[in-house]
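Here the structure comes first, spelled out in structure tokens, and everything after it is commentary.
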Amino acid sequence: MAISRNRNSIPDVAALEDVLSEPTPETIDAMGSLAGDLVVLGVGGKMGPTLARMAKRASEMAGVSRRVIGVSRFSTPNLQEKLHSWGVETHACDLLDLKSYAQLPDAPNMVYMAGMKFGSTGQQSLTWAMNSFLPGPVSQRYRDSRIAVFSTGNVYGLSPVTLGGSREQDPLHPVGEYALSCLGRERIFEHFSRTENIKMSILRLYYSTELRYGVLMDLAQLVLSGKPVPLGMGHFSAIWQADAAAMSLQSLGHVATPPLVLNIAGPELFSVRRVAEEFAERMEKPVSFLGVESGDALVCNSQKAMQLFGYPRVSVAQMMTWTADWAVRGGESLAKPTHFENRAGDF
């Protein structure tokens with residue numbers, strides 16, 4: 001990662017996806033120690049493709065012959081072809097079609113990334129089906145596998161900023177149907193972990209950041225366009241997407257029953273105001289603000305993950321350098337705002 005870390009600019013999407021899928025030495029070691037193939041359920045989301053590619057690259061660098069198989073409906077054009085070019089196999093499947101489960105590929109390792117967030121308002125029943133129902137049949141189908149489950153920090157609700165963010169042992173107070181359905185996902189996986197002795201990790205991911213998506217890009221775009229930056233949700237937790245992927249893959253070596261629960265984020269609590277002011281200085285743009293900071297926010301303490309996996313490779317300064325450059329140059333966007341400012345849990 002030395003070359004990537006020292007760049008002031010990532011030139012294009014191909015270079016970005018290369019950086020996002022570059023495994024850490026610890027991930028290479030973890031993939032080298034892990035036996036068997038790997039299935040990624042829900043590979044078609046924002047993070048899935050480069051996570052699957054990282055798993056394949058890490059396995060090859062560890063000298064391990066392993067099939068990495070991505071499962072998705074594959075509604076994004078050409079995604080299957082891209083994954084194939086990276087050595088990742090694909091299996092098209094709608095996980096809500098339970099008749100299709102018999103054809104799902106077997107594997108002793110599985111990363112679960114399926115779920116629904118954006119568009120959940122107005123489609124509450126589908127949100128609950130995706131987030132709370134699916135873990136049951138998936139657990140039964142993969143009862144003999146090690147499973148890393150992606151969840152979200154939204155299950156905690158808002159936490160006082162002065163306390164440094166939610167910890168894994170804190171009470172859960174989800175706000176809104178999306179967060180409630182995600183708590184349902186955790187509880188169903190936990191139930192099958194306990195009753196079927198399935199070893200799992202549950203990864204409460206905060207904002208995963210790359211240059212086409214994330215809170216940093218949302219803030220950079222607001223500054224660049226001259227729109228006021230909302231301060232109601234005045235702080236946030238985030239992590240460079242490649243670091244989040246590396247930690248999730250390494251967690252397969254730490255699965256347990258009941259599940260090991262980890263907050264996945266960087267060690268810092270980001271200030272919306274300070275990040276916006278930094279972008280304004282880098283872009284030589286004025287910045288204005290709307291409202292004032294609240295005393296609580298969607299933030300976490302990630303020290304438990306740091307103790308297991310070490311600190312992220314990509315620093316806050318590096319993320320901001322890349323993000324500002326990408327925004328000014330008009331780099332590709334996924335056009336999916338995070339809605340980080342939303343305090344009511346409506347997505």
Side-chain angles (χ1 to χ4, degrees), residues 35-49 51-53 55-56 66-84 86-152 177-178 180-203 205 248-249 252 255 257 259 347:
D37 297 335
L38 171 68
V39 167
V40 181
L41 293 188
V43 77
K46 297 181 293 296
M47 187 173 174
L51 180 145
R53 186 186 184 191
K56 186 66 175 180
R66 168 179 291 116
R67 296 173 69 203
V68 177
I69 309 160
V71 176
S72 172
R73 288 175 300 169
F74 292 109
S75 56
T76 302
N78 305 317
L79 178 56
Q80 284 182 281
E81 290 78 3
K82 177 179 284 189
L83 288 168
H84 295 163
W86 293 340
V88 176
E89 301 176 38
T90 60
H91 179 90
C93 175
D94 181 352
L95 291 174
L96 286 174
D97 178 11
L98 301 189
K99 297 187 297 295
S100 68
Y101 278 49
Q103 284 73 50
L104 284 172
D106 294 321
N109 307 288
M110 190 263 280
V111 177
Y112 185 81
M113 307 187 79
M116 181 173 179
K117 179 178 182 180
F118 300 113
S120 56
T121 298
Q123 300 187 82
Q124 287 88 343
S125 60
L126 178 58
T127 301
W128 282 90
M130 289 294 298
N131 293 345
S132 299
F133 167 72
L134 280 184
V138 166
S139 293
Q140 293 175 315
R141 175 63 180 83
Y142 286 96
R143 60 166 53 92
D144 297 321
S145 303
R146 292 176 289 269
I147 303 177
V149 177
F150 271 87
S151 185
T152 170
E177 292 213 32
Y178 164 69
L180 285 164
S181 71
C182 292
L183 177 56
R185 171 171 53 209
E186 290 194 12
R187 295 302 192 217
I188 297 301
F189 271 119
E190 180 188 355
H191 168 74
F192 283 99
S193 175
R194 290 178 181 274
T195 59
E196 301 285 346
N197 196 34
I198 306 170
K199 296 186 184 302
M200 300 182 182
S201 60
I202 292 178
L203 311 169
L205 179 66
S248 68
L249 291 172
L252 287 167
V255 291
T257 182
F347 299 101

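Computation of the quantities below employed the complete heavy-atom set of this structure, encompassing side-chain atoms and omitting hydrogens, waters and symmetry-equivalent molecules.
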Item to complete: Please report the shortest heavy-atom distance between Ala107 and Val39, naming the atom on each side.
Response: CB-CG2, 3.5 Å
Worksheet item: Do the side chains of Pro49 and Leu83 get nearer than 4.5 Å, heavy atoms only?
Response: yes
Item to complete: Supply the atom-to-atom distance Leu38 CG to Leu252 CG, rounded to the nearest 0.5 angstrom.
Response: 6.5 Å
Worksheet item: Is there side-chain contact between Ser248 and Met113, with at least one heavy-atom pair below 4.5 Å?
Response: no
Item to complete: Find the distance between NZ (Lys46) and CG (Leu51) and round it off to the nearest 0.5 Å.
Response: 13.5 Å
Discussion item. Can a donor-acceptor pair be found, under 3.5 Å and without considering hydrogens, that links the side chain of Ser181 to the backbone of Ser132?
Written reply: no
Discussion item. Are the side chains of His91 and Gln103 in contact, using a 4.5 Å heavy-atom criterion?
Written reply: yes
Fill in: Interatomic distance, Met110 atom CE to Met200 atom CE [nearest 0.5 angstrom]
7.5 Å
Fill in: Value rounded to 0.5 Å, distance of CE in Met116 from CG in Asn131
8.0 Å
Worksheet entry | Short side-chain to backbone donor-acceptor contact, Asp144 and Pro108, under 3.5 Å | no
Practice prompt. Taking all non-hydrogen atoms of both residues into account, name the closest pair between Gly36 and Arg66 and its distance.
Written response: O-NE, 2.5 Å
Item to complete: Among Val149, Ile202, Ile198, find the residue that satisfies the side chain to side chain contact (heavy atoms under 4.5 Å, CB included) test when tested with Pro259.
Response: Ile202
Worksheet item: Taking atom CZ of Phe74 and atom CD of Gln80, what is their separation to the nearest 0.5 Å?
Response: 4.5 Å
Worksheet item: Quick check: does any side chain N or O of Asn197 sit under 3.5 Å from a backbone N or O of Thr257, one acting as donor and the other as acceptor?
Response: no
Discussion item. Could you check whether any side-chain heavy atom of Trp128 comes within less than 4.5 Å of a side-chain heavy atom of Leu180, counting everything from C-beta outward?
Written reply: yes
Worksheet, complete the sentence: Of all heavy-atom pairs linking Ala114 and Leu95, the shortest is CB-CD1, 3.9 Å
Discussion item. Working to the nearest 0.5 angstrom, can you tell me the gap between Leu41 CG and Ile69 CD1?
Written reply: 10.0 Å
Discussion item. Within the 4.5 Å heavy-atom criterion, are Leu104 and Val138 side-chain neighbours or not?
Written reply: no
Worksheet entry | Beyond-backbone contact of Leu134 with Leu96, side-chain heavy atoms, under 4.5 angstrom | yes
Worksheet item: Can you name the nearest heavy-atom pair linking Val88 to Gly70, along with the distance?
Response: CG1-N, 4.0 Å
Discussion item. Keeping Asp37 on the side-chain end and Val68 on the backbone end, is there a donor-acceptor pair under 3.5 Å?
Written reply: no
Worksheet item: Would a 4.5 Å heavy-atom cut-off, applied to side chains only, mark Asp94 and Ser100 as touching?
Response: no
Item to complete: Please check if the side chain of Arg143 supplies one atom and the backbone of Gln140 the other of a donor-acceptor pair under 3.5 Å.
Response: yes
Worksheet item: Hey, would you say the Tyr112 and Tyr142 ring centroids sit under 6.0 Å apart?
Response: no
Worksheet item: Is the backbone N or O of Trp86 less than 3.5 Å from a side-chain atom of Arg53, with the two atoms forming a donor-acceptor pair by type?
Response: no
Fill in: Side-chain donor/acceptor of Ser139 to backbone N/O of Pro135, under 3.5 Å
yes
Worksheet item: Which pair of non-hydrogen atoms, one from Tyr178 and one from Thr127, has the smallest distance, and what is that distance?
Response: CA-CG2, 4.4 Å
Worksheet item: Which atom names give the shortest non-hydrogen contact between Val255 and Ile147, and what distance separates them?
Response: CG1-O, 3.7 Å
